[in-house]
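Step one of this worksheet: look at the structure below.
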Amino acid sequence: GTKHLTKNWNINAAIFRRDGQNIIDWTKTADTLKWQPNNYNQVITTGLETSIEWHPENTPLRLSANYTYLSSDHTANEGTISKYALTNLRHQVNTQINWSLLKRGNWSTTYRWLQRVTLPDYDLLDTKFSWKFKHFSIFAQANNILDRQYTETNLVEMPGFWFSGGIRFGR
């Protein structure tokens with residue numbers, strides 16, 4: 001990997017390879033059988049990660065973007081059906097706008113686009129506001145603002161739009 005850092009810019013890029021042996025996954029040899037945990041023989045993952053962040057001088061603004069690409073090669077016993085091995089990400093793009101407010105507040109908005117190997121693509125939009133006081137902070141956040149229906153892994157449906165807020169005590 002490599003990094004390039006300046007007063008206003010932070011740029012990173014890395015290429016990697018992971019050779020996984022005996023990865024545990026839920027497998028079966030026929031659709032009519034129940035899932036059983038087994039060691040998957042081999043999963044080789046090659047990937048690329050990049051990020052760029054810009055923080056203009058004398059402003060409370062910070063903009064960032066990240067991209068990840070993964071390519072996985074799976075080998076298993078012939079006829080094995082895997083529950084999770086083929087639901088990994090292929091492409092992921094994250095962008096974020098972060099705005100500091102009077103040194104006590106923070107507002108951020110994040111947009112993500114994700115493409116998995118065997119599941120439909122989806123995009124997500126989240127936002128969060130927080131404000132610090134002397135001994136506590138408050139926050140409010142909205143997730144999946146676009147109310148997308150999606151699954152992170154096989155058979156696990158994620159929630160649609162949801163809102164939360166809270167108080168955090170301490171520094």
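Throughout, residue positions are numbered sequentially from 1 according to the sequence presented. Since we're looking at a predicted model, the values are computed, not measured.
In the hydrophobic clustering of this structure, Val93 groups with Tyr111; members are Ile, Leu, Val, Met, Phe, Trp, Tyr whose side-chain heavy atoms approach within less than 4.5 Å, directly or through other members. In the hydrophobic clustering of ILVMFWY residues, with side-chain heavy atoms under 4.5 Å counting as a link, Trp99 and Leu63 come out together. In terms of hydrophobic clustering, with Ile, Leu, Val, Met, Phe, Trp and Tyr side chains grouped at heavy-atom distances under 4.5 Å, Phe129 and Phe161 are assigned to different clusters. Leu70 and Ile15 are members of different hydrophobic clusters when ILVMFWY side chains are connected at heavy-atom separations under 4.5 Å. Transitive grouping of hydrophobic side chains (ILVMFWY, heavy atoms separated by less than 4.5 Å) brings Phe133 and Ile167 into a common cluster.
In this structure, Leu89 and Tyr69 have side chains that are not in contact, with every pair of non-hydrogen atoms separated by 4.5 Å or more. Contact check for Asp73 versus Val43: no side-chain heavy atoms found under the 4.5 Å cut-off. Looking at heavy atoms from C-beta onward, Gln92 lies out of side-chain contact with Trp113 at the 4.5 angstrom threshold. Using a 4.5 Å heavy-atom cutoff, the side chains of Ser164 and Phe139 are in contact. Side-chain contact between Asn98 and Asn106 is present, with at least one heavy-atom pair separated by less than 4.5 Å.
Considering NE2 of His91 and CG of Leu48, their distance stands at 10.5 Å, rounded to 0.5 Å. The structure places NZ of Lys128 at 7.0 Å from OG of Ser108, a figure rounded to the nearest 0.5 Å. The CZ atom of Arg62 lies 10.0 Å from the CG atom of Asn8; values are rounded to the nearest 0.5 Å. Between the CG atom in Asn10 and the NZ atom in Lys7 there is a gap of 15.5 Å [rounded to 0.5 Å]. For the atom pair CD (Glu53) and CD1 (Ile11), the distance works out to 10.5 Å, reported to the nearest 0.5 Å. For the atom pair CD of Gln141 and OG of Ser130, the computed distance is 10.0 Å after rounding to the nearest 0.5 Å.
Looking at Asp123 and Arg148, a side-chain N of the basic residue comes within less than 4.0 Å of a carboxylate O on the acidic one, giving a salt bridge. We find that Arg116 and Asp121 are not joined by a salt bridge, their nearest charged nitrogen and carboxylate oxygen being 4.0 Å or further apart.
Remark: side-chain polar atoms of Ser100 are not paired, donor with acceptor, to backbone N or O of Lys103 under 3.5 angstrom.
When all heavy atoms of Arg112 and Thr110 are compared, the closest pair comes out as CG-CG2, 4.0 Å. For Trp131 against Gly105, the heavy-atom pair with the smallest separation is CE3-CA, 3.3 Å. Asp126 and Asn144 get closest at one heavy-atom pair: OD1-N, 2.8 Å. Between Pro159 and Tyr150, the shortest heavy-atom distance links the atoms O-CE2, 4.2 Å. Annotation for Asp147 and Gly160: closest pair OD1-CA, 3.2 Å, computed over non-hydrogen atoms. When all heavy atoms are compared, the tightest approach of Leu119 to Thr151 is CD1-OG1, 3.6 Å.
Within 6.0 Å of NZ on Lys132 lie no more than 12 heavy atoms contributed by other residues, nucleotides or ligands. The neighbour count for Leu5 CG, taken as heavy atoms of other residues, nucleotides or ligands under 6.0 Å away, is above 12. Environment of CZ in Arg104: crowded, with over 12 heavy atoms of neighbouring residues, nucleotides or ligands closer than 6.0 Å.
Between Ser51 and the choices Asn94, Thr68, Asn12, the side chain to side chain donor-acceptor pair (under 3.5 Å) rule is met once, by Asn12.
A donor and an acceptor atom, one from each side chain of Thr127 and Thr109, are located under 3.5 Å apart. A donor-acceptor pair shorter than 3.5 Å cannot be found between the side chains of Ser71 and Thr46.
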